[in-house]
Amino acid sequence: MESFISWLLGILALPGVGLPAIFLVSFLSATLLPMGSEPALFGYVTLNPHMLWSAIAVASAGNTAGGMLDWWMGFAARRGFVRLKARRRTHARAAALAGGATPETTGGKRFNGDAPMSDRYHRWMRRFGPPLLLLSWLPVVGDPLCTLAGWLRLSWRECLFYIAIGKSLRYIAITFLMQRVPESFWHGIFAPFKHLLVG
């Protein structure tokens with residue numbers, strides 16, 4: 001297992017493979033998986049300072065693509081939910097007609113097309129709309145915001161625009177802030193793990 005990890009880290013450290021790895025890590029971290037892409041981006045930029053803007057662009061593209069995957073999952077879940085409710089309603093009507101009863105007389109619930117989410121979230125997202133996705137970079141709430149936008153069927157073009165802006169600004173800010181931290185700080189943090197990293 002150690003040889004595989006060493007081989008994988010060696011492959012990911014190659015400049016030719018590094019940018020696709022940054023894209024993949026950024027893409028996966030924008031889905032509902034709990035991982036961060038900033039350390040990978042910062043490590044790559046530290047090893048290849050001349051690739052700063054390319055790495056930020058690739059990370060932003062990957063993270064934006066992941067945010068749009070979240071949007072699509074929300075959109076598809078809404079369509080599936082509506083179809084399921086329509087099918088249940090059709091079966092309930094057919095059963096009621098076969099038995100000579102109506103959903104009202106049998107105590108059945110009528111489907112009103114509402115989503116099974118709090119009205120507060122609906123009003124909040126509908127009020128602010130796609131510009132709220134400028135906050136899609138936030139940990140914990142950012143990915144669900146993208147999913148909620150898809151659930152509410154907000155325009156995918158507008159959502160894409162605001163997700164891309166928010167995530168790009170996040171990567172630019174974090175990368176430049178981390179570059180301002182003195183190198184001695186990073187050496188101090190990783191000193192206890194040096195024997196693991198060096199071998």
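Within a 6.0 Å sphere centred on CZ of Arg153, heavy atoms belonging to other residues, nucleotides or ligands number more than 12.
Applying the side-chain contact (heavy atoms from CB on, under 4.5 Å) criterion to Arg87, with sequence neighbours excluded, gives His91. Every residue two or more places apart in sequence or in another chain that forms a ring-ring contact (aromatic ring centres under 6.0 Å, His included) with Phe176 is listed here: Trp53. With sequence neighbours excluded, the residues satisfying ring-ring contact (aromatic ring centres under 6.0 Å, His included) with Phe75 are Trp71. Applying the side-chain contact (heavy atoms from CB on, under 4.5 Å) rule to Leu154 yields the partners Met125, Arg126, Pro130, Ala149, Leu152, Cys159; only residues at least two apart in sequence or on another chain are considered. Under the side-chain contact (heavy atoms from CB on, under 4.5 Å) criterion, Ser60 pairs with Ile56, Ser168, Tyr171, sequence neighbours left out. Contacts of Leu24 classified as side-chain contact (heavy atoms from CB on, under 4.5 Å), with partners at least two apart in sequence or in another chain: Leu28. Listed by chain and residue number, nothing satisfies the side-chain hydrogen bond (donor to acceptor under 3.5 Å, both in side chains) test with Glu158 (two or more places apart in sequence, or in another chain).
Here Leu177 contributes atom CG and Ile172 contributes atom CD1; the two are 11.5 Å apart, rounded to the nearest 0.5 Å. We find the OH-OG distance between Tyr162 and Ser155 to be 10.0 Å, quoted to the nearest 0.5 Å. Put simply, CD1 on Ile22 and CG on Leu41 are 5.5 Å apart, with the number rounded to the nearest 0.5 Å. The distance from the NZ atom of Lys167 to the SG atom of Cys146 is 5.5 Å, given to the nearest 0.5 Å. Here the OG1-CZ distance, from Thr175 to Arg170, works out to 9.0 Å after rounding to the nearest 0.5 Å.
Here the closest heavy-atom approach between residue Phe23 and residue Ala61 is recorded as CE1-C, 3.8 Å. Closest approach of Ala164 to Thr64, counting heavy atoms only: CA-OG1, 3.4 Å.
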Which side-chain N or O atoms in residues 131-140 pair as donor and acceptor under 3.5 Å with protein atoms at least two apart or in another chain?
from, atom 1, to, atom 2, distance (Å)
Ser136, OG, Leu133, O, 2.9
Trp137, NE1, Leu134, O, 3.2

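With Tyr44 as the fixed residue, the side chain to side chain contact (heavy atoms under 4.5 Å, CB included) test singles out one of Leu52, Leu19, Val25: Leu19.
Val45 places none of its side-chain heavy atoms less than 4.5 Å from the side chain of Met51. Taking the side chain as every heavy atom from C-beta outward, Met73 and Trp151 never approach each other to under 4.5 Å.
Pairs of residues two or more places apart, or lying in two chains, never qualify as salt bridge (charged side-chain N to carboxylate O under 4.0 Å, His left out) while including a residue from residues 48-57.
Leu148 is connected to Val141 through a chain of hydrophobic side-chain contacts under 4.5 Å among Ile, Leu, Val, Met, Phe, Trp and Tyr, so both are in one cluster.
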Could you walk me through whether Trp72 and Trp156 satisfy the side-chain contact (heavy atoms from CB on, under 4.5 Å) test, starting with their C-alpha distance in whole Å, then the side-chain angles of each, then the deciding distance to 0.1 Å, before giving a yes or no? CA-CA 9 Å; Trp72 181 83; Trp156 70 269; over 6 Å; no
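The closest donor-acceptor contact from the side chain of Asn63 to the backbone of Ser26 lies under 3.5 Å.
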